[in-house]
Amino acid sequence: MSNEVFKPEILAPAGSLDAFEAALNSGADAVYLGVDNFNARAKCDNFNLSNIGDVIARAHLFGVKVYVTLNTLIADSEIKQFLSTVGVLYNAKADAFITQDIGMAMLIKKLYPSAVLHASTQMGIHNADGAEFLEKCGYKRVILSRETKLEDIVQIRERTNLEIEFFVQGALCVAFSGNCYLSSVKDGNSGNRGKCHQLCRLAYSCGKKRGYLLSPNDLCLIDKLKTLTDAGVTSFKIEGRMKRPSYVSAAVKAYRKAIDGADDEQVKNAVDLLSRTFSRGEYNLSAYLYNNDGIIDEKHNNNTGVFCGTVTNVKPFKELYRITVDSHDGIVVGDGLKFVGKNEVTIGVGTVEKVDKSAYTLVTARSGISVGDKVYKTLDKKLDQSLTDTRKFFPVRCHMKAMTESPLEMTLICGGVSVTEKGDVAQKAVKNSLDEEQLIGQLKYDSLPFFTESVTLETDGVFAAKSTLNAIRRKAVQSLTEAIIRSNSLKTSRVDVSDEERERAVNEYFKLSDKHSRRDEYVIIHDLSSLDREEKRTIFFAPDDYNKIENVPLTDLSADFYLNLPIIATNKDIAVIMSALDKLDLLFGRKVGVVANNYYALAFLGDRAVIAGAGLNIYNKVSGGFYLSLGVKDVIASGELPGIYPFAAYEANLPLMTLTHCPYKVSANSTCSDCKATKPLVYKDERANEYIITRYKMFYCYFELRLKDKKQYNALVPKNKKMRKVYEI
């Protein structure tokens, strides 16, 4: 048995080619990146299908894996292009596909059986039931929801063979991933389609309280790595495809030090360096692993910068201002500065003059800067340069056999890869015979990440011209490069799928959807006492407290009845759900059904009637057909859609966010012992839009944010009039 200690993977973001290079050279084990379409960071520079093959090959040269993000919901009209994109990526040897849309994942596995699937955090996997379901669907890895509890991570490890990926650094989403519809409904820019406008980062007011009430501080779990590894996490994920290359470099280096056993002081210094590239103030040091408190930083919503000095003088200069700053840190052209006083002003440094030991004068057109303002460096040009100048090289050993009247033979060895190439026939030297010094001089690698570690020469005294040595060196280096790339690439053969094969795979699911004939309409209720015994529509019961099921015998009710299962449920919450179902079964005298709004709820298939709910984000007829093939009774389309015939459309006031932290603690001075959650909170944004926040309870408390005016939702998301509806009373 190997004594090698397991080291989790460091997974770095690559939103641009420069960030990609920073990740490779700083010690990442894998990168995740997107191409032009179908990825959840549409605003990144991203990569394209023309260059992705070269990008993946370069990563594999460094021994780094490439996971491609195809993690958006796909419309029916986009499926053909989506599958064409997958084909290019598969044959370019992408190491895995990160997907959100379950229907597209099933098509990938059907057409490319050897493809590796990773479940995007947008799928909201956070407990063992959901993880088990995706493992059965062919997924190799789950990227857990940021809200996942430590004890649930342990259960996923114990009950599955899945790789577990977890965010350890970077921005947190305040809403449960994959089920945030705020940007979609308010601005028409769906986060599930890669276009989130981050409305959570805006200022909100709640009564007299005002601030960034929905803006979480950034995550840093660098001191929890052993805990997470012991729990079963195999990949540590760094968020930041929108961040600068310097941030990627600093983050990878910090986590590399921690994983490789650097001492506490070295790790602390690395984290301090990281915070100088980007920081929203104090880091969140535990996320949701233990509890849900301390998530929101109402004072900051963006890079705070690092304090570097104070304004000592402000002089008007023509139409500009000459600003003098006393700075212990120094200021150079290219720095970004934030001035904080009565106003908050951010500038880029275009010209700067050092006028004293620590005094710097710069010129800006921005007004609002005053003497005494604190100055923070939001972009440190020298630091950025030093971080991105890092280069990683791999040692190469060279052995040359040069014998008279025999072809030259050059062997290059790098790691466990060895190649041998032959050159011209060598001739006996009359003078100046080949020696190791000459050979070393000809071992050049251009832009490749190699350096010569050692050279040995076996010869009986031959002559070798520079051109001859260059020719064999070029062949050997190319062969070594190709061999390393092959050794680090998936051992899959090229697969060329025809349009007919793609169409046939899609139509199998389309036919299931098109043949689906259920015609029920649905009504959502929140308490059993409001239930009309004459109700003919199917009932979705969404209690405010799953612990308190009213003792109202309902054996005479003929309408179908389903318990609406929340989008998030820890293992402790599931115990509460099971108890609620037992009580409802007794009240009805039969097994009630469930509405599945997350993958964990599909564990009830075969035991109870199951409806695939809006929380599963069903955006196309392939996904709908997949759920129907499992035996669900009906399908509710994503709340972001006008409706996909023949699925039901959501007419209720859709929750735009589900929150696991307590907003009442943030905005209403609430505590668990003095809970203020008996009445809704009202949040108002800078556009005067109003939202209500209400609580529902299982083992833990959860909170839903909706539009205050119920009519707004249906006005903003028009529905197909042919669709069956899900109403709310």
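These numbers come from the heavy atoms of this one structure, side chains and all, not from hydrogens, waters or symmetry mates.
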If you compare all heavy atoms of [X] against all heavy atoms of [Y], which two are closest, and at what distance to 0.1 Å?
X	Y	result
G27	V252	C-CG1, 3.6 Å
A14	F47	O-CE1, 3.4 Å
V267	A262	CG2-O, 4.0 Å
C173	E147	O-OE2, 4.3 Å

Notebook entry, point to check: Do Y283 and L219 come within less than 4.5 Å of each other through their side chains, counting heavy atoms only?
Noted result: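 With C-beta onward as the side chain, the pair stays apart.
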Notebook entry, point to check: Hey, are the side chains of D18 and T388 touching, using non-hydrogen atoms and a 4.5 Å cut-off?
Noted result: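 When only atoms from C-beta onward are counted, T388 and D18 do not touch, as no gap falls below 4.5 Å.
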Margin query: Quick check against the 3.5 Å criterion: does T148 have a side-chain atom that pairs as donor or acceptor with the backbone of S145?
Written below: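 It does hold such a pair.
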Next item on the list: Please answer whether the main-chain N or O of A569 pairs with a side-chain N or O of N127 as donor and acceptor at a distance below 3.5 Å.
Entry: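 It does hold such a pair.
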Next item on the list: Evaluate the criterion side-chain contact (heavy atoms from CB on, under 4.5 Å) for residue pair V248 and I238; output intermediate values, then yes/no.
Entry: CA-CA 8 Å; V248 175; I238 298 166; over 6 Å; no
Margin query: Tell me which one of D384, T378, D380 satisfies side chain to side chain donor-acceptor pair (under 3.5 Å) with R276.
Written below: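 That would be D380; it is the only one of D384, T378, D380 passing the side chain to side chain donor-acceptor pair (under 3.5 Å) with R276.
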Margin query: Can you tell me which residue among N71, N192, T72, T121 is in a side chain to side chain donor-acceptor pair (under 3.5 Å) with Q100?
Written below: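 Answer to the side chain to side chain donor-acceptor pair (under 3.5 Å) test with Q100 among N71, N192, T72, T121: N192.
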I'd like to know if the side chain of [X] pairs up with that of [Y] as donor and acceptor (distance under 3.5 Å, no hydrogens or angles considered).
X	Y	answer
E151	Q155	no
T390	S26	no
S184	E640	yes
S498	E501	yes
R146	S177	yes
N617	Y619	no
D101	N620	yes

Item checked: Crowding at CG, D264 (>12 non-hydrogen neighbours, <6.0 Å) ->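 No.
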Notebook entry, point to check: Is E503 atom CD crowded by more than 12 heavy atoms from other residues, nucleotides or ligands, each under 6.0 Å away?
Noted result: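 For E503, atom CD is not crowded (no more than 12 foreign heavy atoms under 6.0 Å).
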So, for [X] and [Y], is the gap between ring centers shorter than 6.0 Å?
X	Y	answer
F82	F38	yes
H118	Y32	no
F394	F62	yes

Is [X] salt-bridged to [Y], cutoff N-O under 4.0 Å?
X	Y	result
R193	E78	yes
D152	K149	no
D272	K268	yes
D29	K7	no
R159	E135	no
E265	K257	no

Check: Does the side-chain contact (heavy atoms from CB on, under 4.5 Å) test come out yes or no for V419 and T411, once each step is laid out?
Finding: CA-CA 6 Å; V419 298; T411 299; over 6 Å; no
Margin query: Out of the candidates L61, I413, V396, only one should pair with L480 under the side-chain contact (heavy atoms from CB on, under 4.5 Å) rule; please name it.
Written below: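 Testing each of L61, I413, V396 against L480, the sole residue satisfying side-chain contact (heavy atoms from CB on, under 4.5 Å) is V396.
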Item checked: side chain to side chain donor-acceptor pair (under 3.5 Å) contacts in which one or both residues fall within residues 483-495, not counting sequence neighbours ->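 Applying side chain to side chain donor-acceptor pair (under 3.5 Å) to every pair that reaches into residues 483-495, excluding sequence neighbours, yields H60-S489, K93-T492, R494-D496.
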Next item on the list: Could you check E508 against K110 for side-chain contact (heavy atoms from CB on, under 4.5 Å), going step by step and ending with a plain yes or no?
Entry: CA-CA 11 Å; E508 286 181 25; K110 182 178 278 292; 3.3 Å; yes
Next item on the list: Can you label the angle between the Y90 ring and the F97 ring as parallel, tilted or perpendicular, going by 30° and 60°?
Entry: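 Rings of Y90 and F97: parallel, under 30°.
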Notebook entry, point to check: Between L289 and F166, does a side-chain contact (heavy atoms from CB on, under 4.5 Å) hold up when you go through it step by step?
Noted result: CA-CA 11 Å; L289 286 170; F166 196 68; 3.8 Å; yes
